[in-house]
Every structure is written in C-alpha cells, then in structure tokens.
Amino acid sequence: MKKYCLDLRVSAVERLSVKHVLLKLTQEAPLPAMQPGQFVEVRVDHSPSTFLRRPISIHYVDVAHNELWLLVATIGDGTRQLGRLQPGDEVSCLLPLGNGFSMPPKASNRVLLVGGGVGIAPLLYQGEALRKAGHNPVFLLGGRTASDLLELDLYKEVGEVYVTTEDGSLGEKGFVTNHSVLEGGQFDLIQTCGPKPMMLSVARYANEHAIECEASLENMMACGLGACLCCVEKTDEGNLCVCKEGPVFNIKRLLW
Amino acid sequence: MKKYCLDLRVSAVERLSVKHVLLKLTQEAPLPAMQPGQFVEVRVDHSPSTFLRRPISIHYVDVAHNELWLLVATIGDGTRQLGRLQPGDEVSCLLPLGNGFSMPPKASNRVLLVGGGVGIAPLLYQGEALRKAGHNPVFLLGGRTASDLLELDLYKEVGEVYVTTEDGSLGEKGFVTNHSVLEGGQFDLIQTCGPKPMMLSVARYANEHAIECEASLENMMACGLGACLCCVEKTDEGNLCVCKEGPVFNIKRLLW
Amino acid sequence: MVDLNVRINQLQLSNPVMTASGTFGYGLEFQDLVPLEEIGAIIVKGTTQAPRQGNDYPRMVETAQGMLNCVGLQNKGVDYFCEHIYPQIKDINTNFIVNVSGSSPDNYAACAARVDALDHIPAIELNISCPNVKDGGMAFGVTCEGAASVVRAVRQVYHKTLIVKLSPNVTHIADIARACESEGADAVSLINTLMGMAIDIERRRPKLSIRTGGLSGPAVKPVAVRMVNEVFHAVKIPVIGLGGIMTAEDAIEFMMAGASAIEIGTANFVDPTVTMKVKQGMTDWLERHGCKSVREIVGVV
Amino acid sequence: MVDLNVRINQLQLSNPVMTASGTFGYGLEFQDLVPLEEIGAIIVKGTTQAPRQGNDYPRMVETAQGMLNCVGLQNKGVDYFCEHIYPQIKDINTNFIVNVSGSSPDNYAACAARVDALDHIPAIELNISCPNVKDGGMAFGVTCEGAASVVRAVRQVYHKTLIVKLSPNVTHIADIARACESEGADAVSLINTLMGMAIDIERRRPKLSIRTGGLSGPAVKPVAVRMVNEVFHAVKIPVIGLGGIMTAEDAIEFMMAGASAIEIGTANFVDPTVTMKVKQGMTDWLERHGCKSVREIVGVV
Ligand SMILES: Cc1cc2nc3c(=O)[nH]c(=O)nc-3n(C[C@H](O)[C@H](O)[C@H](O)COP(=O)(O)OP(=O)(O)OC[C@H]3O[C@@H](n4cnc5c(N)ncnc54)[C@H](O)[C@@H]3O)c2cc1C
Ligand SMILES: Cc1cc2nc3c(=O)[nH]c(=O)nc-3n(C[C@H](O)[C@H](O)[C@H](O)COP(=O)(O)OP(=O)(O)OC[C@H]3O[C@@H](n4cnc5c(N)ncnc54)[C@H](O)[C@@H]3O)c2cc1C
Ligand SMILES: Cc1cc2nc3c(=O)[nH]c(=O)nc-3n(C[C@H](O)[C@H](O)[C@H](O)COP(=O)(O)O)c2cc1C
Ligand SMILES: Cc1cc2nc3c(=O)[nH]c(=O)nc-3n(C[C@H](O)[C@H](O)[C@H](O)COP(=O)(O)O)c2cc1C
Ligand code: FES
Ligand code: FES
C-alpha cells in the first residue's frame with residue numbers, strides 16, 4: 001500500500017483514563033486507505049527527550065468523518081506529549097505502515113480477538129472489518145484493573161465482549177488466557193495484540209487447540225519502513241523487520 | 001544579593017508585536033529583591049533545540065502585584081517557545097543575576113537611558129528607580145520601525161521619551177546617536193542597552209562629551225553565575241564574566 | 001538557478017545530497033515518499049561477501065538527540081544483491097553506491113570486485129568503520145596500517161570511484177585519511193558512528209544485545225564537523241561529510257567545513273522526506289546568498 | 001537509610017555525587033542555591049602553575065542536547081588559589097579537589113606539589129585531557145607515554161589521592177587508563193569533553209574563537225558510559241564517571257557501568273540545584289530497589 005507522510009490536524013482529544021488518551025486526526029483531503037493492524041509512525045514535537053517517531057496502531061478509521069483514531073497509553077515522555085495535544089494542533093504521521101491482520105478464508109468464521117492493555121487498540125478496527133465481511137468477532141480484553149478497559153461500548157457494537165481484570169474489578173478475575181470463554185468457545189482464528197507474555201500464552205492456547213493465530217508485535221522501531229533493520233524478530237526465515245513484514249505475524253513463523 | 005532558583009507562574013502574557021511578548025511572572029511568596037539591570041536565567045521547556053537557560057533582563061518588578069516582567073524578543077527557538085507560554089504555566093527562573101546599573105552620586109542628576117531594540121527592556125525599571133531616587137531620567141529609544149518601539153506610555157510615565165526609527169515611521173529618522181536631544185542635552189550619566197554597534201556609538205558620544213556611561217552587555221552565557229567563564233569580555237582587568245561582573249559595565253573598563 | 005552539481009572523482013552528482021548507508025535501505029523503501037531520482041546518490045545497506053544475520057534484537061536505543069544501533073550488517077550477501085536487488089534499482093535515474101564491508105582485505109576485495117562488474121553502480125563506499133561486528137569492521141578503520149591494507153586490496157580489483165568511510169573512534173582521523181589517500185582512495189566519507197553504550201538500569205544489563213552500538217544523529221554533529229574540517233585540511237581527495245545532518249543549514253555547515261557532498265542518515269527516520277527538504281533548503285540558501293554554485297562554499301572555513 | 005558513602009583510595013565521600021571541574025566554579029558561586037556540604041566532592045576549576053587568561057570570546061556554543069566550550073583554562077594560577085581561594089573554601093565541610101593542568105610534566109608537578117601542602121584538599125584531579133589549550137592539555141592524554149610521563153612526575157611530589165582525568169578523543173581509552181594505573185594513579189575519571197566544532201554559516205567562520213571546543217552534556221552520555229565500562233574492565237583502581245549526567249537515573253547508569261562515583265558538569269548550568277536532585281533521586285532509587293549501599297551497584301554490567 002502506498003505510504004504517505006501527512007500533517008494531520010487533531011480534531012478531538014478524549015482523555016479516557018489517567019493514562020489513556022484517544023486522538024482523532026483528520027485532514028481536508030480524504031485519508032488514504034488503511035488496513036486494520038497497520039500502524040502509524042507519529043512525530044512528537046516539543047519533547048526534548050523524544051527524538052524518533054513513535055509507532056502507534058491504527059485504532060479506528062472513521063470514514064464518515066474522515067478521521068483516524070489513535071489510542072495512546074501515556075507511558076513515557078513521547079506518549080505523554082502526544083497526550084498533551086490540543087484540537088487544531090498538527091501531527092506528522094507516516095502511514096499506513098506494515099501488514100495488517102488477515103481475513104479468515106471461509107465465510108462466517110468465529111474469530112477471537114484477544115487484547116491486553118493498550119494492545120486492544122488495533123482490534124476495534126479489525127473487529128469492524130471482520131463483522132463487515134460477515135464473520136463473528138468475539139473480543140476478549142484484559143487489563144490490570146477496570147479503568148484499563150476502555151471504550152467497551154464501542155467494542156460491544158462490533159461483537160461479543162468478554163473481559164478479565166487482574167484485580168477482579170471488572171469481568172472475570174485473572175488473565176485473559178484463564179477466561180471461561182476459552183473453554184467452551186470454538187474459534188477458527190485468534191488474533192492478538194498486547195504484552196508479549198500475554199501473547200505467548202495466547203499462542204500456547206492456540207497451538208494446543210490447533211487454532212490459527214496471528215500476533216501483532218511491538219518491537220522498538222526507528223524508521224518504520226524496513227530500511228534500518230532495527231526492529232527485527234527471529235522467524236523461520238531469519239531476522240525479519242516487524243515494521244515491514246509485520247507487525248502482524250502468523251505465530252507459526254515466530255521463534256519467540 | 002542572594003540568588004534563587006524559583007518556579008514562577010505565568011500570570012499574564014501580552015503579545016506586544018509580532019516578535020515581542022511581555023511575560024508577567026509571579027509566585028505566592030513575595031518575590032526576592034532585584035535591582036534594575038540585573039537579569040534572570042530562564043529555563044525553556046518543550047524546545048528540543050534549546051538546551052541551556054536563556055538570559056533575559058529584568059524588565060520591571062511590579063511590587064504591588066508581586067510580578068516580575070520580562071520583555072522577550074522572539075528571535076530563535078528558545079525565545080519563541082517562551083512566547084508560547086500560557087497563563088498558569090510554570091517557568092524556572094534563576095535570579096537575580098549580575099550587577100545592575102548604578103545610581104548617580106549627586107542629587108537630581110539628568111540621566112539619559114539609551115535603548116535599542118529589545119535592549120529597552122531593563123531601562124524601564126531603571127528609569128523608575130532613578131525617578132524614585134529624585135533624578136530625571138530621559139529615554140532615548142531606537143528601533144528599526146515603529147512597531148519595534150513598545151510600551152511607550154509606560155516609559156512616558158517615568159520620564160521624557162525621545163524616539164528614533166530607521167525608517168522614520170516614528171520619532172526622528174535614523175539612529176539614536178543622531179537624535180537631536182543629544183545636541184542640546186546636558187547629561188550627567190548615560191546608561192545604555194542594545195545592539196553592540198549602537199552601544200559603541202553611544203560610548204563614543206559619551207567619551208567625546210566626557211559623560212559617565214554604563215553599558216549592559218549581552219554576551220552568550222551558559223551558567224549565569226560566574227562559574228563557567230564562558231561569557232567573558234575583555235576589560236582593563238583581563239577577561240571578566242559578564243554574568244557576574246556585569247552585565248552592566250562602566251565603559252571605561254571595556255576594551256571593546 | 002544555483003548549480004548544485006558536484007563531482008567526486010568520476011562520480012557525477014546532480015546535487016550534493018546523498019543518503020547514508022544503513023538508513024535508507026535500498027532506496028525502494030522510501031519510493032512512495034521521495035522522488036529517488038532527485039537524490040544525489042543513494043548509498044545502500046552495508047553489503048558483505050557472504051550473507052549475514054546481523055546481531056540479535058534489541059538493536060536500537062534512542063538517546064539524547066540521537067540513537068545507538070548495533071544492526072551488525074544484516075544483509076543477504078553480495079550475490080543476492082547482484083541478482084535480486086540490482087535489477088530493481090539499476091534503472092532508477094540516480095547514483096546507487098554500494099557500501100562494502102568485510103572481515104579481511106580479501107573478502108572486502110571479493111565483494112568489491114563483484115560490484116565492479118555492475119554497470120549502474122558507479123562507486124563503492126568501503127566501510128572500515130562499523131563498530132557493530134566482531135570480525136573486521138571497525139578494526140581496520142582504527143589504524144593506518146589496517147585502513148591501508150583494505151584499501152590496497154580493494155584498489156587492485158575495483159576500477160571505479162572508491163570512497164572510504166572513516167571511523168570517528170580514533171585519536172588522529174587525519175592520519176587514517178592520509179593512509180587511505182596514499183593507497184589510492186578517490187574520496188573519504190566521515191563520520192561513521194561513535195561507539196557508545198546504554199544501560200537498562202531496571203534490568204541491570206546493556207540495552208543493546210551486543211552491549212555497545214554506534215551513536216548517530218544530531219548529538220554527534222559537532223564531532224563530525226570537526227573531523228571533516230581536520231581531514232579536509234589533511235588530504236587532497238574530496239571529503240564527504242555526514243553525522244547528524246537534519247537541515248539544509250547543517251548540510252551547509254558540513255560543506256563549509258570541507259565536504260564536497262553530504263550524506264543524511266538518522267534524519268531519514270525522523271522525517272522520511274528530509275533529503276528533499278535539505279536539497280531545497282540548500283538551493284534557497286545559496287540563492288539568497290548570491291552563490292552561483294554550491295561548490296563555492298566547500299571548505300571556506 | 002541507604003548508605004551512600006564511597007571511598008576513592010584515601011578520599012572519603014559522604015555520597016558519590018561530585019561536581020565536574022570548570023562547571024561549578026569554586027563552589028562559592030552556587031552557595032546560595034545548593035548546600036555545598038551535601039555534595040560528595042567539589043572539583044574546582046582547572047588550575048595551572050602560572051595565571052592564564054584563557055581563550056578569546058566566544059567560548060561557548062549550544063549544540064543538540066549539549067554545548068561546546070573553549071574556555072581554555074582561564075585561572076589566576078595556583079599561588080592565587082592557595083592565597084585567596086583556599087582560605088574561603090577550606091572550612092566548608094566537603095571535599096574540595098583541585099583540577100590540575102599544565103604544559104609539561106614539570107609544571108604539572110610544580111602545581112600539584114603546591115596543592116599537596118594544603119591540608120583541606122584531599123585529592124587532585126590531573127587534567128591531561130583539555131582539548132582547548134595549545135600547549136600540553138590533551139596532548140598528554142592521547143598517548144600512553146604522554147599520560148605516563150605526567151602521572152610519573154606528579155606522583156613523585158603528590159602524596160594524597162591522585163585522580164587522572166582521561167580524554168575520550170582516543171582510539172583505546174583503556175590503554176591510557178592502564179598506563180596511568182601503572183604509574184601510580186589512584187583513580188581515573190572520565191570523560192573529559194569530545195573535540196568538536198560548530199560553524200556560523202552566515203559569517204563563514206567557526207563559532208568558537210579557537211575554531212574547536214569540547215563537547216559536553218547529554219549528547220555525549222552514550223560515549224561516556226561505553227568508555228567508563230571499558231576502563232572499568234581494564235583497571236583495578238576506581239573509576240569516576242561523567243559525561244552528560246542530568247538525572248539520578250543517569251548517575252545510576254554510570255555506576256552500573258563501573259563508576260565508583262560520578263561527576264556532574266554541564267547539567268549545573270541547566271539546573272543549578274541538580275546535584276541535590278541527583279543525590280536524592282539516587283537515594284530513592286536505591287531504597288526502592290532494596291539496596292543497602294550504593295556500592296552494591298558499581299560495575300554490575
Ligand atoms: C507496531 C506498534 C504499534 C503500537 N501501537 C500502540 C498503540 O496503539 N498505542 C500505544 O499507546 N502504544 C503503542 N505502541 C507502543 C508505543 O510505540 C510506545 O509506548 C511508545 O513508543 C513509547 O514512547 P514514549 O516516548 O512514551 O516512552 P519511552 O520514554 O520511549 O519509553 C518508556 C518505556 O517503555 C519502553 N518502551 C518504549 N517503546 C517500547 C516498545 N515498542 N517495546 C517495548 N518497550 C518499549 C522503554 O524502553 C521505556 O522503558 C506500539 C508499538 C508498536 C511497535
Ligand atoms: C544579560 C542579558 C540580558 C538579555 N535580556 C534580554 C531581554 O530582556 N529580552 C530579550 O528578548 N533578550 C534578551 N537577551 C538576549 C537573549 O538572551 C537571546 O535573544 C536569547 O538567548 C536567544 O535565544 P533563542 O533560543 O531564541 O535564540 P537562538 O536560537 O539561541 O539564537 C538565535 C540567534 O541569535 C544569536 N544569539 C543568541 N543569543 C545571543 C546573545 N546573547 N548574543 C548574541 N547573539 C545571540 C544566535 O547566535 C543565533 O544567531 C539578553 C541577553 C543577555 C546576555
Ligand atoms: C541503523 C543504522 C544502520 C547503519 N548501517 C550502516 C552500514 O551498514 N554501513 C555504514 O557504513 N554505516 C552504517 N550506519 C552509519 C551511517 O551511515 C552514518 O555514518 C551514521 O549514522 C552517522 O550519520 P547520521 O548521524 O546522519 O545518521 C548506520 C547507521 C544507522 C543509524
Ligand atoms: C565550560 C566548561 C569548562 C570546563 N573546564 C574544565 C576544566 O577546567 N578542567 C577539566 O578537567 N574539565 C573541564 N571541563 C570538562 C568537564 O569537567 C566535564 O569533563 C565534561 O563537561 C563532561 O561532563 P558533562 O557532560 O557532565 O559536562 C569543562 C567543561 C565545561 C562545559
Ligand atoms: S524500524 Fe526500521 S526496519 Fe523496522
Ligand atoms: S555564563 Fe558562566 S561565567 Fe558567565
């Protein structure tokens with residue numbers, strides 16, 4: 001897909017929790033086509049300690065309003081500065097990068113979308129794409145505590161939503177991989193994004209149950225274009241760039 | 001004078017021209033004592049290209065409102081970022097630094113305050129100090145064009161004001177040193193701040209007319225405390241730190 | 001119009017802006033974003049005789065106005081380059097330069113000889129300064145004898161423009177430059193990265209997989225400008241300057257220090273269109289300052 | 001309470017935070033802002049046998065997350081120090097260390113001998129790494145023989161703790177450190193500044209009066225950490241680490257790399273109270289991580 005480096009305008013900033021912010025970005029011209037699971041390299045201005053761009057998943061594309069949504073967890077100086085953006089500010093975005101999630105080959109497949117922490121971000125857009133293509137997405141979202149689980153109504157509009165929290169403040173207590181939906185559920189495909197330990201145990205579950213599984217990795221990146229070879233992950237084909245060959249990989253290819 | 005490193009709060013920001021901004025800073029506790037001609041080392045946040053503090057003159061101290069005023073010409077990234085401050089923002093200020101202008105020894109002396117560009121900044125507070133001490137300050141202020149000459153009403157409250165502009169758009173056309181007030185005027189002391197070429201010609205005038213003269217230098221600084229020896233000026237006593245022995249020097253000491 | 005042409009030995013550049021090896025892939029990665037034929041030259045990834053997997057992840061750390069990398073010359077080898085990459089780039093109308101690396105004078109030469117045969121590759125840049133590989137790499141770049149031995153071996157088999165890329169991790173860079181010049185290098189480029197390290201204090205271990213990496217970006221610019229100026233005054237062959245260039249003003253600074261052309265590296269990650277902005281900015285600056293040719297400012301300081 | 005005490009040979013520090021020479025004056029300049037007795041040690045300005053005027057203005061340029069300086073050891077000479085400065089500082093309850101510079105082994109030794117006689121100066125730091133003076137300075141710091149010759153001369157006349165400050169502008173800093181160690185240095189400190197240059201492109205001339213200057217600040221931190229780690233693994237004497245430290249985390253990074261104590265330089269200009277913040281931040285970090293003593297983390301990487 002053709003890549004662009006665009007100065008997008010912040011149309012809205014919604015603080016979803018003390019450490020999460022939802023940015024809506026737009027421009028006059030229609031936004032380029034983007035696929036669920038792809039990401040954006042965002043430039044951070046006004047942060048002396050942030051030199052490189054920051055990779056952020058495409059959370060949602062609101063075609064009707066010509067808006068790109070980014071869901072940002074403010075964990076360091078760069079993301080904190082993104083959280084300080086105001087409507088009207090401009091943000092340089094390099095997009096769309098990498099390869100997204102795949103679509104299940106057969107019709108009406110049951111797809112489980114497992115997200116942890118801010119890894120839930122790319123799943124909303126993917127869920128919508130699945131639904132539109134006639135599949136039945138089921139979300140399984142995990143967080144440390146209730147306030148980590150954001151925008152659940154939006155996810156519920158797209159599919160069934162199951163939730164775990166480590167402290168039991170919402171949904172089942174524990175980790176996503178302990179959720180009861182995994183016991184009964186017959187899934188044809190699992191797509192997951194979140195902390196590596198979570199994705200590893202999701203992958204273990206998928207392997208055990210012989211379910212196809214894709215994971216979206218978050219290796220540290222510089223260029224985002226496959227040019228610097230900084231973001232590599234070991235695969236059956238050697239070191240591959242997560243920014244270009246991923247971020248979504250079929251777990252069969254990963255040697256993690 | 002005891003030095004402080006204070007986080008002051010921006011109480012007001014006034015844009016005086018496209019490239020000048022007036023910052024008013026305050027804090028709960030009374031501001032420390034400061035003298036006209038002293039300066040502040042201001043820390044600039046959110047500017048990746050600004051690493052060191054920026055020296056800015058004490059423009060005025062509004063004791064009644066417990067406000068420190070800074071008049072800033074936005075010429076580079078650091079000062080531009082200062083111009084973007086909003087009421088409520090905090091600014092780290094190291095102050096008061098250096099030695100200010102002196103007071104004339106005799107009563108009711110006629111003192112000429114010659115400022116060019118943003119060099120007019122320290123003269124307002126000095127003018128007020130002179131007036132309060134019973135002297136008669138006369139301002140001679142120069143700029144490239146009318147919009148460079150800021151806050152003239154404030155200066156007029158303190159003393160007579162004469163003005164030159166290079167394009168003749170306000171006051172006499174030309175440089176301050178060509179102003180007619182210099183022909184007739186009998187001055188006992190000249191105090192000047194502005195671009196070096198201007199101060200040099202003011203100094204020449206003062207020498208020719210055997211008038212005492214003090215100039216406030218603007219050498220590039222790092223520490224502002226006399227510790228790094230970066231800001232030196234050649235004087236009759238060797239290299240002296242402008243930040244500590246100055247910024248105001250009697251021109252007799254300078255080898256410029 | 002300002003004349004931006006520069007010549008590095010036989011190499012004709014339509015403008016002095018090149019891209020630095022390892023930061024611009026094979027150019028193709030940027031083709032949606034930058035008109036490649038408007039770049040003076042594209043220096044492709046470090047290429048070795050045999051394929052290399054490079055170092056383990058993590059290979060990158062952000063630092064104050066810079067970054068450390070320890071990619072370690074991951075590449076599929078010169079044969080793969082000739083067979084699979086070259087056909088894709090050979091008809092793009094700019095100069096493609098291959099950055100050649102190795103672990104002995106012989107395999108540097110073998111790799112260079114292979115590239116010599118490619119019609120559309122007018123020059124190579126010998127990387128005797130990579131701090132991120134154990135065998136060879138920087139080891140050759142830090143002594144005059146080491147540098148000379150590689151240049152000598154390559155010069156025997158390579159007939160086009162031979163650029164040697166110098167390491168800044170040395171006491172006297174001008175001496176190394178002179179050693180390369182005497183062995184027949186047509187130009188030197190500098191600087192490669194400064195060796196650095198960063199520690200993850202929570203995990204009590206280096207942030208990079210092989211402990212150390214190479215520092216690049218604006219942080220190193222003052223060191224690079226100093227070295228370019230030193231080398232410019234020490235050799236007669238052209239100098240190519242790089243290290244932290246982000247803007248047209250930075251590029252002009254390097255050219256005034258003595259660079260006949262410049263390379264842009266890390267800045268491509270921050271702004272993938274930076275090459276075009278630097279080129280345009282240089283044109284504007286030169287016009288504003290009444291320069292007829294960019295060559296007027298080379299080495300004026 | 002975490003134990004912050006560290007010992008560098010005979011030198012006892014109540015905490016590992018020192019101030020770097022040339023950036024903290026004689027301490028007195030900061031006394032309104034920082035309780036001096038809470039600093040581990042204050043290393044005063046570079047001091048030479050004879051008075052020096054230093055270089056012409058401009059002596060400073062800001063760079064990306066750093067600065068270049070070419071102060072050039074302006075000081076009134078060791079006699080003036082002994083007669084006029086020493087009396088003002090000798091009763092302040094911290095360690096004052098004199099940074100000694102020179103242009104020959106003899107006048108280094110002469111200066112050191114004079115300081116040896118001062119009861120309240122428990123150590124000197126030999127500056128064999130100043131890039132901003134023509135005579136001596138860095139020239140001694142870039143060869144093993146040069147470094148050894150100065151240390152040897154000084155060791156004969158200086159009986160307290162002898163720290164040697166190393167230049168980063170070398171190919172193999174560990175070799176220089178070993179040379180100093182063999183001549184009896186009690187500790188090494190590193191890094192001094194990296195030689196750099198900046199050009200005023202409008203005026204077409206260097207921004208600094210003597211063309212080049214020394215780069216310091218966060219920009220150089222990765223290079224400094226790497227060198228501290230290299231030297232730590234090469235010598236048995238304690239290493240003092242510096243170069244770009246701005247925060248407690250930076251200080252801990254240096255200590256994990258192998259520094260027994262650290263110096264803060266340029267950061268004092270950005271935040272004159274930084275020493276206290278680093279000290280407090282280190283205490284908090286160590287407590288949070290269950291360390292009983294700061295010495296536990298030295299060289300864990
Ligand atoms: C493909 C991709 C998609 C992503 N999508 C999102 C998203 O939609 N929303 C979101 O909030 N975040 C997302 N991230 C993560 C985001 O890029 C990082 O949180 C961000 O770069 C941190 O920048 P910072 O300046 O705030 O933190 P820094 O100050 O740079 O880092 C803070 C801490 O986090 C660690 N860290 C930073 N980046 C990473 C990383 N990539 N992997 C592991 N550790 C890291 C650092 O080592 C440090 O300890 C994504 C990352 C990738 C690679
Ligand atoms: C004692 C003192 C008092 C000052 N008072 C004021 C004041 O009241 N109001 C005000 O607006 N400014 C004042 N200045 C000047 C102010 O400090 C500079 O304009 C400011 O540091 C520029 O920072 P910047 O980041 O915006 O520009 P930069 O990007 O740092 O510089 C922009 C350009 O200006 C040049 N420059 C920067 N600082 C100086 C300097 N000190 N001397 C010569 N050239 C310089 C740079 O070389 C560059 O070409 C004062 C300076 C001193 C030393
Ligand atoms: C990720 C990365 C990979 C690099 N790979 C190479 C390489 O393969 N060969 C080489 O000669 N230099 C390599 N370099 C060094 C750059 O070409 C350049 O010399 C250095 O980064 C300094 O320039 P800059 O500050 O503009 O990036 C690499 C640099 C980076 C950041
Ligand atoms: C303005 C200035 C003056 C300096 N003067 C000296 C000196 O006299 N002697 C010395 O050994 N180092 C001197 N240095 C080097 C510092 O002590 C220190 O080694 C260097 O700045 C790196 O540390 P930093 O990045 O924390 O500043 C000076 C540094 C600066 C910035
Ligand atoms: S981030 Fe550069 S190759 Fe992936
Ligand atoms: S700015 Fe440091 S001595 Fe004046």
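Computation of the quantities below employed the complete heavy-atom set of this structure, encompassing side-chain atoms and omitting hydrogens, waters and symmetry-equivalent molecules. Here is the naming used below: chain letters follow the sequence lines, and residue numbers restart at 1 for every chain.
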Taking A:Lys2, A:Lys234, A:Met221 one by one, which has the highest count of heavy-atom pairs under 4.5 Å against chain C? A:Lys2

Distance-minimising heavy-atom pair for A:Phe51 and C:Met246: CE1-CE, 3.9 Å

Heavy-atom count check: over 12 atoms from other residues, nucleotides or ligands less than 6.0 Å from A:Arg144 CZ? no

Enclosure of A:His65 NE2 (heavy-atom neighbours >12, cutoff 6.0 Å): no

Given a strict heavy-atom distance threshold of 4.5 Å, which part of C:Asp271 is in contact with chain A: side chain, backbone, both, or neither? both

Atom of A:Ala227, atom of C:Lys45 and distance for their closest heavy-atom approach: O-CE, 4.0 Å

Locate the shortest heavy-atom distance separating C:Met67 from A:Ala222; write the atom from each residue and the value. CE-CB, 4.0 Å

Side chains of C:Arg59 and A:Leu229, heavy atoms from C-beta outward: is any pair under 4.5 Å? yes

At what distance, to the nearest 0.5 angstrom, does OH of A:Tyr4 lie from CG of C:Leu33? 10.0 Å

Closest heavy-atom contact between C:Asp32 and A:Met1? OD2-O, 3.7 Å

Find out whether C:Met60 and A:Leu52 are in side-chain contact, i.e. whether some heavy atom of one side chain is under 4.5 Å from a heavy atom of the other. yes

Non-hydrogen side-chain atoms of A:Cys228 and C:Phe24 separated by less than 4.5 Å: no

Side chains of A:Arg54 and C:Glu62: does their closest heavy-atom pair fall under 4.5 Å? yes

Toward chain A, the part of C:Phe30 with a non-hydrogen atom under 4.5 Å: side chain

For the residue pair A:Asn239 and C:Tyr57, establish whether any side-chain heavy-atom pair is separated by less than 4.5 Å. no

Is there a side-chain contact between C:Val71 and A:Cys230 in this structure, where contact means two heavy atoms from C-beta onward sitting under 4.5 Å apart? yes

